[in-house]
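What you see below is based on every heavy atom in this structure, not just the backbone, and it leaves out hydrogens, waters and symmetry mates. All chains are named by letter (A, B, ...) in the order of the sequence lines, taking the proteins before the strands, and each is independently numbered beginning at 1. Here the structure is a predicted model, which is why all the values come from computation and not from measurement.
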Amino acid sequence: MATALVWFKRDLRIHDHAPLAAAAAFERVLAVYVIEPAWLASPEFDPQHLEFALGCLVELRAGLAARGLPLAVRVGEVRAVFDELQREAGFDHLLSHEETGPGWSYARDRAVADWCRARGVAWDEFPQHGVVRRLLRRTGWAARWQQRMDTAEHPIPAAFRGATVALADLPTLADLSLAPHGRSLQPAGERAGLAVLDSFLAERGGPYRRAISSPLTAESGSSRLSPYLAFGALSLRRAHQASAAEIRCRRAGDAADRAFAYGLAGFSSRLRWHCHFMQKLESEPEIEFRNFSRAHDGLREPHFDRARFDAWCAGQTGYPMVDACMLQLRATGWLNFRMRAMLVSFAAYHLWLHWREPGLFLARQFLDFEAGIHWSQMQMQSGTTGINTLRVYSPTKQALDHDPEGVYIRRWIPALARVPLGYLARPWTMPVEIQRAAGCMIGRDYPAPVVDEATSVKAAKNALYGLRRQTAAREEAAAIVDKHGSRKSGLPNTTPGQPAQRTRPPRGVDTDGVQRELFDF
DNA sequence: TCAGATGTTGCGTAA
DNA sequence: CTTACGCAACATCTG
């Protein structure tokens with residue numbers, strides 16, 4: 001008798017779920033979600049992640065039960081849990097989505113593959129999102145993404161012949177000896193995800209392009225779908241197709257509708273970037289640990305300054321915009337994209353910290369942590385891809401541009417509540433009398449800046465651009481040797497090489513003549 | 001009233 | 001979708 005186990009991972013939904021749709025064809029079906037000790041122990045894990053997952057699981061379990069499918073939620077190493085389930089119900093097929101996750105999940109998947117081979121279980125993995133497994137070249141990737149996203153959703157089976165398995169209550173954080181995380185999170189679950197999508201497409205999405213920049217307007221003006229996409233409570237295809245449909249509809253409308261469609265189109269293109277970055281980790285899993293550009297190895301590592309790192313984590317750098325952003329993130333598990341980039345830029349350039357530890361810290365703070373996006377972004381914003389231009393954010397400029405009234409800074413840093421607006425971006429420039437009048441003595445009520453903005457940025461740029469010049473020179477030298485070396489094989493090269501030709505491709509076009517897109521590297 | 005000085009804005013580009 | 005700078009075009013001020 002053919003029995004399938006549907007293994008839920010980062011796909012906590014019923015709609016557009018390939019393994020679930022495939023399971024409908026089996027004579028008996030069971031389903032499981034495994035709370036893995038390796039996840040809980042991983043350095044990017046935070047209890048908020050489990051809380052959100054549990055919230056999704058409550059709803060998922062009810063929805064599956066209504067279709068006759070029991071969802072077991074077990075704590076343990078995956079292979080041990082599978083052994084249990086084999087004893088309890090027996091299964092010969094394992095159905096799951098492909099996962100592009102951190103190293104521990106990659107290692108676990110390989111262990112599961114071994115387990116399946118040893119037990120004679122057939123493991124069918126289905127792609128999720130637009131990430132392509134065993135991709136050799138990026139050529140044609142965008143077209144494949146588009147094609148996948150435009151394919152019809154997998155249908156939701158009406159009923160299953162569910163196997164009988166023991167169903168315990170879902171564990172709580174306390175059951176797993178996890179401390180409460182103290183954040184106020186977005187509501188978990190598939191229904192919540194679909195409702196957020198709906199409110200964005202119907203009401204909030206119009207000003208998207210302008211609204212995402214400021215942390216004030218982004219709170220409601222960005223999609224807020226990231227946690228649902230990260231935990232799979234919302235299918236990326238659903239988000240893509242629903243926004244495409246809304247855009248088509250609004251484009252046929254009046255000027256206000258067309259303006260709204262313009263905003264939604266800005267959002268829609270970002271769904272592709274979501275997969276674009278995940279694809280990097282899928283194709284090159286080492287980028288979680290190592291620099292994209294190995295020429296950057298050792299540049300920052302020996303200088304890691306623990307005190308600076310701690311000040312950054314605590315929101316105590318003395319730069320109000322940086323600190324306010326960190327405090328919002330720590331309180332809510334969310335921050336808009338631009339301000340995330342600013343936090344990373346500050347750690348990477350101003351504080352000259354290697355990206356790995358700040359990346360782990362941020363992974364724990366982001367409710368929507370998605371490994372592929374995360375590590376690609378950490379490296380890009382730190383300048384270790386070696387290709388894209390350095391994006392060094394000025395926290396004082398960002399404060400002036402995106403919080404001109406000081407509302408955001410004062411909201412998140414009570415110590416600065418009475419600092420006059422003119423000093424809010426740079427409170428250390430306040431004369432002592434004004435500090436006294438504002439009830440904010442620098443160094444006592446609010447920290448003095450950990451580093452000087454101008455000198456630290458200059459040093460960082462010098463180091464990175466200096467390295468690039470060297471690297472470029474080395475590569476050019478190597479290319480010249482490669483090209484001309486054979487004619488002189490066996491003889492020492494005594495004549496100096498030609499000076500390197502510096503030909504610059506037209507702006508926005510790389511050497512292959514391919515348009516370089518936003519964020520591309 | 002005007003010429004020249006000074007200021008503002010917007011764009012292109014280098015790093 | 002970074003910042004800083006230079007430049008040009010245009011605006012405003014001033015003697």
Decide, yes or no, whether a salt bridge links E153(A) with R237(A) under the criterion of side-chain N to carboxylate O below 4.0 Å. no
Check: protein-nucleotides 7-11 of chain B nitrogen or oxygen pairs below 3.5 Å:
none

Whole angstrom value for the distance that separates [atom2] of [N] from [atom1] of [X]:
X	N	atom1	atom2	value
Q377(A)	dC1(C)	CD	C1'	11 Å
L467(A)	dA15(B)	CG	P	17 Å
R338(A)	dC1(C)	CZ	C1'	8 Å
Q381(A)	dT3(C)	CD	C1'	14 Å
N388(A)	dT2(C)	CG	C1'	11 Å
Y465(A)	dT3(C)	OH	C1'	9 Å
M339(A)	dT2(C)	CE	P	11 Å
M321(A)	dT2(C)	CE	C1'	15 Å

Pair [X]-[Y], side-chain donor/acceptor within less than 3.5 Å:
X	Y	value
H15(A)	E190(A)	yes
S199(A)	E203(A)	no
R183(A)	Q365(A)	yes
H276(A)	R138(A)	yes
W355(A)	N291(A)	yes

Residues that R148(A) engages under salt bridge (charged side-chain N to carboxylate O under 4.0 Å, His left out), provided they are two or more places apart: none
Paired with E282(A), the side chain to side chain contact (heavy atoms under 4.5 Å, CB included) test is passed by just one of E284(A), M278(A), K280(A), Q279(A), namely Q279(A)
Of the residues in residues 392-399 of chain A, which ones touch DNA chain C at a heavy-atom distance under 4.0 Å? V392(A), Y393(A), S394(A), K397(A), Q398(A)
For the helix from dC2(B)-dG15(C) to dA15(B)-dT2(C), what angle separates the axis at the start from the axis at the finish, each from five pairs, in steps of 10°? 10°
Checking ring-ring contact (aromatic ring centres under 6.0 Å, His included) against F52(A), which of F366(A), F231(A), F45(A) comes through? F231(A)
Test ring-ring contact (aromatic ring centres under 6.0 Å, His included) applied to W312(A) and F304(A), F361(A), Y319(A), the passing residue: F361(A)
Please confirm whether the backbone N or O of M149(A) pairs with a side-chain atom of Q241(A), one donor and one acceptor, at under 3.5 Å? yes
Does F292(A) offer a backbone N or O that forms a donor-acceptor pair with the side chain of Q379(A) under 3.5 Å? yes
Run the side-chain donor-acceptor check on residues 456-463 of chain A: report pairs under 3.5 Å with partners two or more places apart or on a different chain.
{"from": "S456(A)", "atom 1": "OG", "to": "D452(A)", "atom 2": "O", "distance (Å)": "2.7"}
{"from": "S456(A)", "atom 1": "OG", "to": "E453(A)", "atom 2": "O", "distance (Å)": "3.2"}

Could you go over nucleotides 5-7 of chain C and give all protein N or O partners under 3.5 Å, atom names and distances?
none

